[in-house]
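Encoded as C-alpha cells, the structure appears first; notes follow it.
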Amino acid sequence: MLGRMQDWPLLVPRLIDHAARAHGAREIVSETVEGGIHRCNWADIRDRSVRLAQALARLGVKESDRVATLAWNGYRHLEAWFGIAGLGAVVHTVNPRLFADQIAYIANHAEDQVLLLDLTFLPLVEQLAPKLSSVSHYVLMTDRAHMPVSSSIAGLLCYEELIASEDGDFAWASLDENAPAALCYTSGTTGNPKGVLYSHRSTMLHAWCACMADTLAIGSLSVILPVVPMYHANAWGIPYSAAMTGAKLVFTGPLFDAPTLHRLIIDEYVTMTAAVPTLWLAMLDFLENSGLGLGRLDTVVIGGAAAPRMMIDAFQRKYGIRVNHAWGMTETSPLGSIGTPHALANDQDPEARLDRQCKQGRSIFGVEMKITDENGGIMPHDGCAAGNLNIRGPWVVDTYFNSTTGSALDEEGWFDTGDIATIDALGFMQITDRAKDVIKSGGEWISSIALENEVLAHWAIAGAAVIGLPHPQWDERPLMLLIRKLGAEVAAEDILDFLEPRVARWWLPDEILFVDALPHTATGKINKRALREQYQGRNFA
Ligand code: ADP
C-alpha cells in the first residue's frame with residue numbers, strides 16, 4: 001500500500017516560481033564586473049531565467065546536457081542556475097581559481113555543451129577554448145556595450161541579447177525529482193577533481209534543511225551576503241534557501257576585499273554572511289584598524305576550514321555577532337554539521353561555550369555520522385576517540401559523476417569523508433584533521449588544526465600552517481610556518497614559550513619558520529600539499 005498524497009516532485013524551478021509569486025519585489029543586489037551596483041528582484045530573476053532557458057533550448061541544449069558557468073556571485077549567475085535547471089539541463093559551476101589545465105580537464109570530463117562566462121574570464125577562456133572538446137557555444141555574461149570588438153572565440157554570444165530575443169513563453173521541463181540539476185567538482189587537493197552531480201531532490205531537501213532555525217535560520221527577514229562563491233559547493237546552498245524564503249541576497253561580484261564587504265554589509269543592512277576563515281581574518285584586521293562596526297549583521301557562518309578560537313571569540317565578544325561554525329564538503333551539498341546551540345549542552349561558562357563552538361557543530365536531521373577505526377570498527381561518541389568520519393544522507397554523494405570506479409560508498413551506504421573527527425555524546429563533531437594532514441608521531445596523532453588554532457591566538461601571528469615532515473625516530477614531526485602581523489617582532493622561542501602551557505609537550509613543533517605568505521587552494525584554504533612539496537627535502541634528522 002502507498003500513501004495517498006499528491007506526487008509533487010521536488011524540482012528546483014519550483015523555487016524560483018515561488019520566489020516570484022510570494023516575494024517577487026524582494027531585492028537582489030550585485031556588484032558587477034562592468035562596475036557599479038545592479039539592483040533587481042526575485043520576479044526579475046524568474047523572468048530572465050525563463051528567457052535564458054528558452055534561449056539555451058534554441059541553441060540546442062537538451063535535458064541532462066551540461067551548461068557550465070565561469071562566473072562570480074551575481075544576478076546573472078543566479079538566473080543561470082534557475083534557468084538551466086528549469087530547462088532540465090545541469091548547471092556546472094566551474095571554479096575559475098583552478099589551474100587552467102584543471103579547468104580544461106573538468107569541462108571535458110563533464111562534456112559541457114555551453115559555457116557562460118563573466119567578462120573577467122574572457123582572456124582565460126580564449127586561451128582554453130582550443131582544448132575544450134565539447135563546448136559548442138560560448139556566452140559572455142554582459143550587454144552589447146561591453147562585448148569585445150574582436151575575440152579569438154568565433155561566434156561569441158552576448159547574454160543580454162540572447163535573453164532580449166526571447167518572449168518568455170516557455171514552460172519548465174517536466175522532470176523526475178531525481179534528475180540532475182547541478183554539478184560541482186571537488187578542487188582536486190587530493191588528485192584529479194571529481195564531479196558531484198546534485199539532483200533536484202537533493203538540492204531541495206538541502207535548501208529546506210538550511211532554512212531550519214537550528215541550521216542557518218534563513219527566512220524572509222534575512223539579508224544574506226554569501227561571500228562564499230557560487231562555484232564553491234553552491235555557495236553552501238544559500239541562493240536556493242533564499243529563493244525558498246524570500247531572503248534578500250547581496251552579491252559581491254569580483255570583489256572580496258574587506259572594505260568592499262564592509263560597505264555592502266552596512267549599506268544593504270546585511271544580517272548574515274558566510275565565508276572561509278581566511279577571509280574573516282582580513283575582516284577582523286580591517287575592523288580593528290578602522291574602529292568600525294558591522295551594522296545589522298548578527299550571524300557569521302564560518303566553514304570550509306576550521307574557525308580559530310580567537311576568530312569566534314572576537315566576533316562574539318567585540319562585535320556581538322554570533323558565529324555558526326559549519327562543516328561540509330562538495331560531496332555533501334555541502335551542509336553536514338553546524339554549531340547552533342543545543343538545549344542539553346550546559347555551557348553557562350563562556351569558555352566552555354567557546355570550546356564547543358570550536359567544534360564543527362552537531363549533525364543535522366538528514367545527515368547521519370559515525371567514526372570508525374582503521375578496521376571499520378565503530379568508535380565511541382565520547383568526544384575523545386578520534387576516527388574516520390563517515391556520513392550518509394539524502395544530500396550526500398553516492399557515485400562521482402562519470403566515475404569508472406563505481407559507488408563512493410561502502411556496503412552499508414556510508415561515505416568516508418577523509419576527515420578525522422571526534423563526536424561527543426550530544427553529537428557535536430570536531431575535525432582533528434584531514435586524514436592526509438594529520439601528523440603521525442611515534443604511533444600517536446598530532447592535530448595540525450589544533451596547533452594552528454592555538455598559535456593564532458598569539459598577538460603577533462597573522463597566519464599559520466602546520467605540516468608533518470619525515471623524522472627517522474618518530475616517523476613524522478611538526479613543522480610550523482607562521483606569518484607575523486605587520487611590524488610585529490616575535491621569535492621562534494617566544495612562540496614555543498606561548499605554546500608550551502597550551503598543548504602536550506610532544507606536540508610542540510620541531511621547527512618554526514617565519515614566512516611572508518602561505519599558498520592557498522582554489523577554495524581559499526591553506527594548501528598543505530603544496531607546503532609538503534615545498535619542504536619535502538627538509539627533515540629533522
Ligand atoms: P576541497 O577538497 O577542495 O577543499 P571542499 O570544500 O569540499 O573542497 O572541502 C571539504 C573539506 O574541507 C572537508 O572534508 C574538511 O576537511 C574541510 N572542512 C570543511 N569545513 C571545515 C571546518 N569547519 N573545519 C575544518 N575543516 C573543514
Side-chain angles (χ1 to χ4, degrees), residues 93-99 102-103 106 183-196 198 206 216 227-237 274-280 300-309 311-312 323-340 356-364 367 369 371 386 388-391 395-397 400 408 415-423 428-438 447-453 456 464-466 519-530:
T93 50
V94 182
N95 182 342
R97 295 187 199 270
L98 292 171
F99 293 121
Q102 271 180 322
I103 295 180
I106 287 175
L183 175 65
C184 187
Y185 279 70
T186 62
S187 67
T189 33
T190 50
N192 259 341
K194 289 180 283 213
V196 182
Y198 309 102
H206 182 270
L216 298 181
V227 189
V228 54
M230 290 166 77
Y231 54 75
H232 183 199
N234 305 319
W236 300 350
V276 293
T278 26
L279 210 124
W280 296 127
V300 172
V301 185
I302 307 182
R309 187 188 177 90
M311 182 179 287
I312 301 175
V323 170
N324 277 341
H325 189 189
W327 168 89
M329 314 174 70
T330 304
E331 286 90 334
T332 65
S333 299
L335 282 180
S337 64
I338 186 147
T340 42
R356 189 175 292 282
Q357 286 188 287
C358 286
K359 299 188 177 198
Q360 276 70 11
R362 57 199 172 95
S363 65
I364 44 194
V367 181
M369 297 191 171
I371 43 175
N388 301 307
L389 179 65
N390 284 257
I391 65 170
W395 55 85
V396 177
V397 71
Y400 289 106
F415 173 71
D416 184 346
T417 63
D419 284 333
I420 309 291
T422 64
I423 301 177
F428 281 83
M429 182 272 286
Q430 182 152 32
I431 302 279
T432 57
D433 242 322
R434 272 193 159 184
K436 60 190 181 327
D437 293 339
V438 76
S447 160
S448 65
I449 292 183
L451 275 173
E452 288 156 10
N453 271 344
L456 278 170
V466 177
H520 285 91
T521 66
T523 47
K525 306 174 195 188
I526 291 174
N527 190 338
K528 297 210 174 161
R529 187 164 75 160

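Just so it is clear, the values below take in all heavy atoms, side chains as well, and ignore hydrogens, waters and symmetry mates. Just so you know, ligand 1 is whichever comes first in the structure, and atom 1 is the first atom listed for that ligand.
- The structure places CG of N234 at 8.5 Å from OG1 of T330, a figure rounded to the nearest 0.5 Å.
- Between K525 and H520, every side-chain heavy-atom pair lies at or beyond the 4.5 Å cut-off.
- An N or O contact shorter than 3.5 Å is missing between G303 and ligand 1 by distance.
- Close N/O approach between T186 and ligand 1 is not found [any backbone or side-chain N/O within under 3.5 Å].
- With hydrogens and angles ignored, the 3.5 Å screen pairs no side-chain donor or acceptor of Q357 with any backbone N or O of I312.
- One N or O on the side chain of H325 and one on the backbone of A307 form a donor-acceptor pair closer than 3.5 Å.
- The option with the heavy atom closest to atom 12 (O) of ligand 1, from among E331, K194, H232, K525, is K525.
- Within the listing of ligand 1, atoms 22 (C), 23 (N), 24 (N), 25 (C) sit less than 4.0 angstrom from a heavy atom of Q360.
- Between S448 and the options D433, T432, N453, a side chain to side chain donor-acceptor pair (under 3.5 Å) holds for only D433.
- Contact annotation: G418 has no heavy atom less than 4.0 Å from any atom of ligand 1.
- Contact annotation: T521 has no heavy atom less than 4.0 Å from any atom of ligand 1.
- Counting atoms of ligand 1 from 1 in the listed order, those under 4.0 Å from a heavy atom of T523 are 3 (O), 4 (O).
- At least one heavy atom of A326 sits less than 4.0 Å from an atom of ligand 1.
- Contacts of R434 with ligand 1, taken as heavy-atom pairs under 4.0 Å, involve the side chain alone.
- Only the side chain of D419 comes within 4.0 Å of ligand 1, counting heavy atoms alone; its backbone N, CA, C and O stay farther away.
- Between Y185 and I103 the shortest side-chain heavy-atom distance does not fall below 4.5 Å.
- Under 4.0 angstrom from ligand 1, there are no non-hydrogen atoms of A522.
- When side chains are defined from C-beta on, L335 does not count as touching V367, because their heavy atoms never get closer than 4.5 Å.
- Residue contacts with ligand 1: G304 is placed with a nitrogen or oxygen under 3.5 Å of a nitrogen or oxygen of the ligand (distance criterion only).
- No donor-acceptor pair under 3.5 Å is formed between the side chain of E331 and the backbone N or O of V397.
- Rounded to the nearest 0.5 Å, atoms OG (S337) and CD (Q430) are 11.0 Å apart.
- When each atom of ligand 1 is checked for a heavy atom of W327 under 4.0 Å away, the hits are 13 (C), 15 (C), 18 (N), 19 (C), 20 (N), 21 (C), 27 (C).
- Listed by number with element, the atoms of ligand 1 under 4.0 Å from a non-hydrogen atom of M329 are 7 (O), 10 (C), 13 (C), 14 (O).
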